[in-house]
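Chain naming here is simple, since letters A, B, ... match the order of the sequence lines and numbering starts at 1 in each. Predicted model, so just to flag it, every value in this text is computed and none were measured.
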Amino acid sequence: MSEIPKHYEPGTTQQQWFPFWEEHGYFNAEPNPDRQPHTIMIPLPNVTGALHMGHALNGTCQDLITRWRRMQGYEALWMPGTDHAGIATQAVVERRMLEEEGLTRHDVGREALVNRIWKWKDAYEKRIVSQQKSLGASCDWRRIRFTLDEVCARAVRKTFFKMFSDGLIYRGKRLVNWDVHLQTAVADDEVFDEEVDGHFWTFNYPVVDDDGNETGERISFSTTRPETMLGDTAVCVHPTDERYTHLVGRKVKIPLNDRLIPIIADGLLADKELGTGAVKVTPAHDPNDYACYQRNPEIGIINILNPDGTLNENAGPWEGQDRYKVRERVVERMAEEGHFEGVEDRKIPIKHSDRSKTIVEPYLSDQWFVKMDDLAQAAIDAVEDGRVRFFPSRYAKTYIDWLAEKRDWCISRQLWWGHRIPIWSRPFDDEARAAVQKLGATFNGEDVTLDGEHAAYVSAVVADGIQPGERLLLVCVDDGHEAIEEQLNAAGFEQDPDVLDTWFSSALWPHATLGWPDTERNPPLNEEEVAKQTAAPAPKPTGDGKGNEVLDYFYPGSVLITSRDIITLWVARMVLTGLYNMGDVPFRHVHVHPKILDGFGQTMSKSKGNGVDPVDLIEKYGADAVRFTIASFAGETQDVRLPISYECPKCETLIPQTIAHQNAKPDEGTKPTVHCPKCKADYQYTSPNYDPDPDVPVARMVSERFEYGRNFCNKLWNAARFAMLNLEGYTEGPVTQDDLQLEDRWILSRLSTVTAQMDEFLGRYQFDAATRAIREFTWNEFCDWYLEMIKPRLRDEAQRPVAQRVLLSVLDSLVRLLQPFAPFICEELWQRLREIAPVRSLPVDDATNVLMPTEVAEACIVASWPQIPAAWRDESLEKRFARLQETIAAVRNVRAIYQIPPGTPIKLLMRATPEVADELQNVSQQFENLAKTVLEAAGADVVRPSGAASFSLGDADGYVPLEGLIDRKKELERQQKELETLRKHVAGHEKKLANENFVSRAPEHVVANVRETLENLRKQLASVEAIIADLQ
RNA sequence: GGUCCCGUAGCUCAAUUGGCUAGAGCGCCUGCCUUACAAGCAGGAGGUCACAGGUUCGAGCCCUGUCGGGACCACCA
């Protein structure tokens, strides 16, 4: 016990206690009828890369709540896992492959690419989990899930099949961004806009009469892509545009191929103010035109492009030529025919593919959609009627507004990494019909009905294909029916090559992770069990088993803790699928925490060069410090700015990061550096723009804001150190009211209040407020006052035992209260204290015996949450104590002003009412203890000695005799300044009370408060006036 | 373009939802190695609550507008 370091050493502590917790199974949660469940599903991080500060904040909040609830006696499950993040992950792996080996995915093929991504996933999942663990995440790690694992895959298949059978999933057309170089669709977030030098041509089309003869009238329009004229299916004007109203309903001829197309009116597409007011409509090659086509389907749609960027047969003579070549030809041809009106140069913003850096083309393709109507409405209702509550409540608006649009959800993605769409299709002909008939299907017209048995796992529809007149038979097969898949393959059906939107699987997270749709067995805990369970289809319900207790017990979740940018993409969809699959919401609360920005107010991200690795911070400041500081950020309103510094790898000097550091790129091979002003040397640093040279010291990114948490942990450590050094000879035993001293009753009263505050703040997810409350209690009350005040008692043999018991009791509660915030240090202290005193005098809800000897839990993480009787709160005592504190502060102030050395004793005289004087006399030894001051007299008849420094507290005045030391002029100045401040405040209060409206309309307690304050201020003012008169 | 958030001490943030003399940490100044802690202790300075109106007995907080910063969504022929 003699070995207690002066500084808290996080490293060894962290290494010791995390495995201890894990090995003892403290993180594990199992259905337990004797306890209430508490469930948190982690917002699954992408396996794209390592975790950043946002994750650290997110994880800290969740772990805090989980640990708090666990101590409160809930069966607390924090469900871990990761997301396969389709596009993002595939893109990362493909980019690497291209950079390092010069290979594209077409070179290696689907299977090999997916294998590579699995390897990537394994590596990053490992890294992510290790980051989470180093932060202290108390997840039930046995239950870790991945959105692409067998358990989740089954949920995805079941949901897709169910929705398809219910007619909620349909096949539709949609324009995608087509990368003609890679011959693949790219997602919206994989394209970037770049201005390109281009042209803005104006042409005209001749108007024709009903017989197709030109009337001589022409209609002009402009375009930046003349070749798309080949795919025009209409010319559009604004319905109120008088220049063209007479033409609406007529036709024009496209001179290039003599096709006739209608002139239509559409207020959403045409803008009277832009260009000529008339616009050509190319539904297959422009998103807005496509939307116009959806409103006016009679105009038709013509695709003119091949996947490689050449034109198809619809381009007539230009078939097979590149689109840009055709553009030139088309312009020439239009000019030859006399339909060219002009051209101007223009900078045109054009979408480029992130990966090939080439221009993408809007391209018509078949996609899968989920009908949102009823699903979205159900999810809206759940929030509106309070089944799901947002904290802070304003985020409900984001959620409802988005869902209210009820835009159908496009769930297919042209990728290889993800859940493959479980649809088999082939042209609808007799063979297809026969194959599906073998599965028990009957065809009534085009409606496909399967018989009862087959309907449970096969569903089919007939739908339009992408080519005009093309009909397809689409068959959906449920999970676990490989035999049917084989049959379909044999009959010439092909599985859809696309995969599902990542959000489709993450939307199922809250119930999929608990084993749904298997309602007969608990979800498997490890890979072996997963293999065993997924080898066979789920057993039929027998009715005699217990079913899936885990799902029954832990669903719905208690709270989802997430950041605001995925309220729509993820939160809304989880509610939607939860209601659809489970018939109940996935969680009762949604807490949305702030975002962490850098010192310049920018979102943190690796690609910006401002992404701090939480592990770097943990290494520098300790996990508890990082958690505590992060929790202090997590308030309700503001995002958090976190100024970043680079740490000199040699001397640890912090060099503030600038925007220039973030943006710096290697200059002709020379990599940018930061300059350490202390070492006078330059160092490379972690940057998104280059990899530092191997084997050179690198300046890592940290933030000195975390000293806040580190210093606090150290304070706690030393408070406990003090206690442990003073617990020698500790004996257990009860402590009664009569044993308690003023400071004991005060600290217990404060403890009762702060414990209640913790529950209140954490219950509302106000982590910042909780952090401040517990910090202030620990530092400014427990350490600054309580520990100082009991020092004399600890030195006194007679008083020592009670002082030790109360001290340990308060420290015990404190460590418990801090466990959710700073679990490592708390466990360390808990275990050390348990060696000294496994039985402690702890609060019981009993008026006679305040503290009773109680054996404590084997680990802090599973200790019970403090329940301090509210009866301990004593407001009047706290008030009296506050006067003592003020008096001592005033004396210290006098000492500081007159520069009296700390060791020199001073005297104090207090003029006060007999009651107040009595109280002060009762604690006179504390003046000696805390301020090296002798309370020489206290009473109503005390008079101010000459040559004294004075202060006034309202209901008491203090005099510190300083003959010879006092500077009359200086003291007068000081008092006059005080006088001025007081006068200002008195005037303010008087003015308020003079206002009749205030007195009559403000609530009574407010008026009473002002009166009381004013009275107090007047007393102080009178005292100060007397002091000044005396000095003059 | 729509929606939402923010602007309070040099910096980063609070202010119990409209009511005590607007607080804290860091930084700064003064004095202290006082037996748990110098990552500490004691004391102190520092604020036109972005700006302009309005509502109210009363506004940092509510309303309108302006300026500035940020986020999300939509759009960008």
Side-chain angles (χ1 to χ4, degrees), chain A residues 4 6-8 193 200 221-225 228 236 269-271 274-275 279-282 286-289 348-349 351 392 394-395 397-398 401-402 405 563-568 594-595 597 599-603 621 625 629 632-633 635 637-643 704-705 707-708 710-726 757 760 768-769 772 775-776 780 783-784 787-788 791 889 892-897 899-903 930-932 981-982 984-986 988-989 992 995-1003 1005-1007 1009-1010 1012-1014 1016-1017:
Chain A
I4 310 172
K6 277 188 158 191
H7 283 168
Y8 169 53
D193 271 328
F200 190 67
F221 57 87
S222 302
T223 180
T224 57
R225 293 188 298 159
T228 61
C236 177
L269 181 66
D271 184 335
L274 279 178
V279 57
K280 65 197 244 2
V281 186
T282 324
D286 181 280
N288 292 304
D289 294 1
I348 302 163
K351 284 181 176 174
R394 65 173 182 275
Y395 289 112
K397 188 173 160 53
T398 309
D401 285 354
W402 185 81
E405 288 181 32
S563 94
R564 82 176 92 89
D565 39 10
I566 49 177
I567 289 172
T568 54
K595 283 180 80 89
L597 311 173
F600 309 101
Q602 315 176 100
T603 311
Y621 300 103
T629 308
S632 80
F633 292 158
T637 51
Q638 303 230 54
D639 287 338
V640 182
R641 280 183 186 222
L642 192 65
E704 52 189 328
R705 294 281 303 278
E707 286 177 12
Y708 177 79
R710 183 199 57 181
N711 293 356
F712 176 72
C713 289
N714 199 47
K715 189 70 182 176
L716 174 69
W717 178 258
N718 276 291
R721 180 171 187 263
F722 169 80
M724 289 185 277
L725 293 173
N726 281 284
Q757 282 178 331
E760 205 182 308
D768 60 336
R772 279 196 301 275
R775 182 186 186 278
E776 192 180 316
N780 305 108
C783 291
D784 287 351
L787 293 187
E788 292 303 326
K791 278 178 181 173
R892 285 169 172 170
N893 181 238
V894 167
R895 185 188 286 279
I897 286 166
Q899 301 191 338
I900 302 160
L930 299 172
K932 276 271 185 303
T981 317
L982 282 168
K984 219 168 66 192
H985 291 317
V986 167
H989 283 67
K992 262 192 193 172
N995 183 340
E996 269 177 48
N997 278 324
F998 173 68
V999 179
S1000 61
R1001 295 199 204 179
H1005 73 273
V1006 173
V1007 179
N1009 261 335
V1010 174
E1012 201 189 314
T1013 309
L1014 178 61
N1016 196 32
L1017 283 168

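Side-chain contact of A:Ser222 with A:Lys280: a donor-acceptor pair under 3.5 Å is absent, judged by distance alone.
At B:U3, none of the side-chain N or O atoms of A:Lys397 fall inside 4.0 Å of OP1 or OP2 (strictly under the cut-off). Between A:Lys791 and B:A36 there is a side-chain polar atom (N or O) within less than 4.0 angstrom of OP1 or OP2.
The residue A:Arg772 sits close only to the backbone: its heavy atoms come under 4.0 Å of sugar-phosphate atoms, none of a base. If you check every strand for non-hydrogen atoms under 4.0 Å, A:Pro1003 touches a base. In this structure, A:Glu788 reaches the bases: a heavy-atom distance under 4.0 Å links it to at least one base atom across the strands shown. As judged by a 4.0 angstrom heavy-atom cut-off over every strand, A:Arg895 is placed among residues making no nucleic acid contact. Residue contacts shown for A:Val279 include a base, since a base heavy atom lies under 4.0 Å away. Here A:Leu1017 lies in heavy-atom contact (under 4.0 Å) with a base.
Here the straight-line distance linking atom NZ of A:Lys715 with atom CG of A:Asn780 works out to 9.0 Å at 0.5 Å rounding. Taking CG of A:Leu1017 as the reference point, atom OG1 of A:Thr981 lies at 11.0 Å (rounded to 0.5 Å). Remark: A:Leu930 CG to A:Lys791 NZ distance equals 9.5 Å, nearest 0.5 Å. Going from atom OH of A:Tyr708 over to atom CZ of A:Phe633 covers 9.5 Å, rounded to the nearest 0.5 Å. Distance check: A:Leu716 CG to A:Cys783 SG gives 7.5 Å after rounding to the nearest 0.5 Å. Between A:Lys932 atom NZ and A:Arg892 atom CZ the span is 11.5 Å, to the nearest 0.5 Å.
Rounded to an integer number of Å, the gap from A:Ile900 CD1 to B:C32 C1' is 14 Å. One can place CG of A:Asn997 at 19 Å from P of B:G19, the figure rounded to the nearest angstrom. When rounded to the nearest whole Å, the span between NZ of A:Lys6 and P of B:A36 equals 10 Å.
Comparing B:A15 with B:A50, their P atoms are spaced 15 Å from each other, to the whole Å. Comparing B:C61 with B:G7, their P atoms sit 11 Å apart, to the nearest whole Å. Rounded to whole Å, the C1' atom of B:C51 lies 16 Å from the corresponding atom of B:A59. Here the separation of B:C11 from B:G27, taken at their P atoms, is 15 Å to the nearest Å. Annotation: B:C67 and B:A52 have their P atoms spaced 15 Å apart (nearest Å). Across the C1' atoms, B:G18 and B:C62 are found 8 Å apart, a figure rounded to whole Å. Nucleotides B:U8 and B:C49, compared at atom C1', are 4 Å apart to the nearest Å. Comparing the P positions of B:A9 and B:U48 gives a spacing of 9 Å, expressed to the nearest Å.
At least one donor-acceptor pair under 3.5 Å links the side chain of A:Asp639 to the backbone N or O of A:Lys595. Checked by atom type and distance alone, the side chain of A:Asn726 pairs as donor or acceptor with a backbone atom of A:Phe722 at under 3.5 Å. Judged by distance alone, the side chain of A:Asn718 and the main-chain N or O of A:Arg721 form no donor-acceptor pair under 3.5 Å.
Taking the O4'-C1'-N9-C4 or O4'-C1'-N1-C2 dihedral as appropriate, B:U17 has a value within 90° of 0 and is therefore syn.
Around atom CD of A:Glu996, no more than 12 heavy atoms belonging to other residues, nucleotides or ligands sit under 6.0 Å away.
Remark on RNA chain B: of its neighbouring residues A:Val1006 and A:Asp401, the 5'-side contact belongs to A:Asp401, judged by nearest-heavy-atom nucleotide.
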### Summary
Readout for nucleotides 39-49 of chain B: B = base within 4.0 Å of protein heavy atom, S = sugar-phosphate only, - = neither; 5' to 3' it is BSSSSS-----
Write out a two-atom table: protein N or O, nucleotide N or O from nucleotides 70-73 of chain B, distance below 3.5 Å.
| unit_1 | atom_1 | unit_2 | atom_2 | d |
| --- | --- | --- | --- | --- |
| B:A71 | OP1 | A:Thr603 | OG1 | 3.3 |
| B:A71 | O2' | A:Arg564 | NH1 | 2.6 |

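A:Phe221 has its side chain out of reach of A:Val279: every pair of non-hydrogen atoms, C-beta onward, lies at least 4.5 Å apart. Using a 4.5 Å heavy-atom threshold, the side chains of A:Leu1014 and A:Val986 count as touching.
Counting only Watson-Crick and G-U wobble pairs whose two key distances fall under 3.5 Å, RNA chain B forms stems of three or more stacked pairs at B:1-7 with B:67-73, B:10-13 with B:23-26, B:28-32 with B:40-44, B:50-54 with B:62-66.
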